[in-house]
Amino acid sequence: QVHLVESGGGLVQPGGSLRLACTISGRTGRDYAMGWFRQVPGKEREFVVSMSMNGARRSYAEPVKGRFTISKDNAKNSVYLQMDSLKPEDTAVYYCVSSRGNPILSSLGKIETYAYWGQGTQVTVSS
């Protein structure tokens, strides 16, 4: 059974940084993608960033380009989201996600690509 565990959320001031981590269990090989969505109350879940675990593809949502960076550690079955220059509008619950297979680039940003979801971690950007 696939299981995702997130960590690293919290409260940070505008302009600050946070690093989220997500570890996956129950998967073998590297033919799948992992990434992050986020959600604020009353709105739909929004794509943030994703990458294929074989390193071939990655995709960022426009609002986070140049500020957020996704990385991975295959030995630890983990992905990380480094969030810099945080803004109040980045406040949300962040969910780690994983696909079943290895999606093409144009599918990385689509919510239907992801079959597995973590429990979510709260990120609050406020002074």
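For the single chain, residues carry numbers from 1 onward in sequence order. Just the heavy atoms: all of them, side chains too, but no hydrogens, waters or symmetry mates, feed the values below.
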Those residues that, when tested against [X], pass side chain to side chain contact (heavy atoms under 4.5 Å, CB included) (two or more places apart):
{"X": "Ser126", "value": "Leu11, Thr124"}
{"X": "Arg58", "value": "Met51, Tyr60, Ile70"}
{"X": "Asn102", "value": "Asp31, Ser52, Asn54, Arg57"}

In terms of hydrophobic clusters joined by side-chain contacts under 4.5 Å, are [X] and [Y] together?
{"X": "Val93", "Y": "Met83", "result": "no"}
{"X": "Val48", "Y": "Met34", "result": "yes"}
{"X": "Tyr80", "Y": "Tyr114", "result": "no"}

So [Y] and [X], do their side chains get closer than 4.5 Å, heavy atoms only?
{"X": "Val79", "Y": "Trp36", "answer": "yes"}
{"X": "Arg45", "Y": "Trp117", "answer": "yes"}
{"X": "Met53", "Y": "Asn74", "answer": "yes"}
{"X": "Ser71", "Y": "Gln82", "answer": "no"}
{"X": "Leu4", "Y": "Ser98", "answer": "yes"}

In terms of heavy-atom contacts, does CD of Glu112 have more than 12 from other residues, nucleotides or ligands at under 6.0 Å?
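Yes, the 6.0 Å shell around CD holds more than 12 heavy atoms from other groups.
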Using atom types as modelled and distance alone, determine if a side-chain donor or acceptor of Ser59 lies under 3.5 Å from a backbone N or O of Val49.
no
What are the two closest non-hydrogen atoms of [X] and [Y], and how far apart are they?
{"X": "Gly9", "Y": "Val123", "answer": "CA-CG2, 4.2 Å"}
{"X": "Leu108", "Y": "Phe47", "answer": "O-CE1, 3.3 Å"}
{"X": "Ser99", "Y": "Gly101", "answer": "OG-O, 2.5 Å"}
{"X": "Arg38", "Y": "Pro63", "answer": "NH2-CB, 4.2 Å"}
{"X": "Ile111", "Y": "Phe37", "answer": "CA-CZ, 3.7 Å"}
{"X": "Gly118", "Y": "Tyr95", "answer": "O-CD2, 3.6 Å"}

Residues at least two apart in sequence or cross-chain that pass ring pair (Phe, Tyr, Trp, His ring centres under 6.0 Å) with Phe68, listed by chain then number, are none
Got a list of side-chain donor-acceptor pairs under 3.5 Å for residues 14-26, not counting sequence neighbours?
| unit_1 | atom_1 | unit_2 | atom_2 | d |
| --- | --- | --- | --- | --- |
| Ser17 | OG | Asp84 | OD1 | 2.7 |
| Thr23 | OG1 | Ser78 | OG | 2.9 |

- Task: Name all residues meeting the side chain to side chain donor-acceptor pair (under 3.5 Å) criterion together with Tyr116; count only those two or more places apart in sequence or in a different chain, and write none if there are none.
- Result: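 Partners of Tyr116 by the side chain to side chain donor-acceptor pair (under 3.5 Å) criterion, ordered by chain and then number, come out as Arg100.
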Does either side chain, that of Gln119 or that of Glu6, offer a donor lying less than 3.5 Å from an acceptor on the other one? yes
